[in-house]
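Heads up, the thing below is written out as structure tokens.
Note that ligands are numbered from 1 as they come in the structure, with each ligand's atoms numbered from 1 the same way. Below, all heavy atoms of this structure are taken into account, side chains as well, without hydrogens, waters or symmetry copies. One-based numbering along the sequence shown.
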Amino acid sequence: MNLSVSARAAAAAAVACATLLTTGSIAGAAPTHPTVTAAPDIPVVNVKAHLAQLQSIATANGGNRAHGRAGYKASLDYVKAKLDAAGFTTTIQQFSSSGRTGYNLIADWPGGDTGHVVMTGAHLDSVTAGPGINDNGSGSAAILETALAVARAGHHPAKHLRFAWWGAEELGMVGSRYYVGRLTSTERSRISAYLNFDMIGSPNPGYFVYDDDPALEKTFKDYYAGLGIATEPETEGDGRSDHAPFKNAGVPVGGLFSGADYVKTAAQAAKWGGSAGQAFDRCYHSSCDTTANLNDTALDRNSDAIAYAVWTLSA
Ligand code: DTR
Ligand code: CA
Ligand code: ZN
Ligand code: ZN
């Protein structure tokens, strides 16, 4: 997708022009025929290494990675550099919100039928109160490692793969709304699924699956059934994360969630472990949302579930 700075964009002074930096590489050059492989295990140590980098970035930039602050742009630069080196075609989409400049990062894996795009996204911004490692470094790091696993495997599925890291979700899904709002109807119709991952490593985790689209919900439920884990429908988030603009535009959406400030019930603790009567993430939107605010098992399982869904849905 190439949005160039244009008179139209300049005229949209209310928001900002879409200034893009697109980087590509022949490393990801697609073969002539799709590859058929099983989804790989996503090494949780790799996901945690990305989270350690995001923590360092926040620590070096006033303690956060919030929209319009240095920590957000440094986070974006980190993710982009990894993807460029792996052969993705990356595009930065610039917008403004609350008087500050924001950025989305879009990464296309060369090849696949661009008439059928499987899109995977997470918001990269934190709140100003803290480093946002679970919310939402966890989703950002997991989809980054999934994208890198595609490259490592030299995987070229039948459908086109696109990954996205959104800016300014915490201000009201501003970045994802900006992206969806600028899709033509044809571009919108070509997105066969949008998968959203916002908080997937909560320290007192739940295993929630978005129930917006039955087929996408089944994909994730099947994965967890294979682990013997009974999931629950994600019911608190309607409209509360970056899948909402896609759903409102008629795109099938799915995703995973490990819980925020709601309290885990006794029945849920009996099923999933952890502490009943305590929040799924007691550091939600707080300064303690650091690399110590994670459950590695949930992060690992959800990262593997993301890879399973990306491979399965793009075959
Ligand atoms: N709005 C998200 C956190 C959040 C709360 N409920 C849900 C449900 C599904 C996804 C995310 C969320 C945030 O604070 O970023
Ligand atoms: Ca794993
Ligand atoms: Zn949040
Ligand atoms: Zn979030």
Nearest protein heavy atom to [atom], by residue and atom, and its distance?
| atom | answer |
| --- | --- |
| atom 1 (N) of ligand 1 | R240 O, 2.7 Å |
| atom 11 (C) of ligand 1 | D198 OD2, 3.6 Å |
| atom 14 (O) of ligand 1 | Y284 OH, 2.7 Å |
| atom 6 (N) of ligand 1 | E236 OE1, 3.0 Å |
| atom 8 (C) of ligand 1 | G237 CA, 3.2 Å |
| atom 7 (C) of ligand 1 | F257 CZ, 3.5 Å |

Residue pair [X] / [Y], side-chain donor-acceptor N/O under 3.5 Å:
| X | Y | result |
| --- | --- | --- |
| T114 | H160 | no |
| D125 | Y103 | no |
| S192 | H116 | no |

Student check: side-chain heavy atoms of [X] and [Y] closer than 4.5 Å:
| X | Y | value |
| --- | --- | --- |
| F220 | L256 | yes |
| E170 | D135 | yes |
| F95 | R182 | no |
| V150 | W311 | yes |

If the cut-off is 4.0 Å to any non-hydrogen atom of [X], which atoms of ligand 1 fall inside it?
| X | answer |
| --- | --- |
| E169 | 1 (N), 2 (C), 13 (C), 15 (O) |
| M199 | 3 (C) |
| D135 | 13 (C), 14 (O), 15 (O) |

Backbone or side-chain N or O of [X] under 3.5 Å from ligand 1 N or O:
| X | value |
| --- | --- |
| H243 | no |
| S241 | no |
| H285 | yes |

* Verify the neighbour count for atom NE2 of H285: are there more than 12 heavy atoms of other residues, nucleotides or ligands below 6.0 Å? => yes
* Asked: Considering residues, nucleotides and ligands other than K73, do more than 12 of their heavy atoms fall under 6.0 Å from its NZ?
  ->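 Atom NZ in K73 is crowded, with more than 12 foreign heavy atoms closer than 6.0 Å.
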* Asked: Of Y210, F257, Y194, F197, which meets ring pair (Phe, Tyr, Trp, His ring centres under 6.0 Å) against H243?
  ->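 Answer after filtering Y210, F257, Y194, F197: Y210.
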* Asked: So which of the N, O or S atoms of H285 lies nearest the Zn ion (ligand 3)?
  ->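 Atom name of the closest N, O or S in H285: NE2.
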* Structure fact -> To the Ca ion (ligand 2), the closest N, O or S atom belonging to D41 is OD1
* Structure fact -> Closest to the Ca ion (ligand 2), among the N/O/S atoms of D300, is atom OD1
* Which segment of Y210 sits under 4.0 Å of ligand 1 when only heavy atoms are counted -> side chain
* When you look for heavy atoms under 4.0 Å from ligand 1, do you find them on the side chain of N136, its backbone, both, or neither? ->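 None of N136 does.
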* Opening angle at the Zn ion (ligand 3) [OE2, E170; OD2, D135; to 10 degrees] ->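 Computed angle, vertex at the Zn ion (ligand 3), rounded to 10 degrees: 100°.
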* Look at the side chain of N136 and the backbone N and O of H123, then say whether any donor-acceptor pair between them is shorter than 3.5 Å. => yes
* Asked: So among Q278, Q268, K264, which one has a side-chain hydrogen bond (donor to acceptor under 3.5 Å, both in side chains) with N204?
  ->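 Between N204 and the candidates, side-chain hydrogen bond (donor to acceptor under 3.5 Å, both in side chains) is satisfied uniquely by K264.
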* To do: Work out the angle at the Ca ion (ligand 2) between OD1 of D304 and O of I42, rounded to 10°.
  => 80°
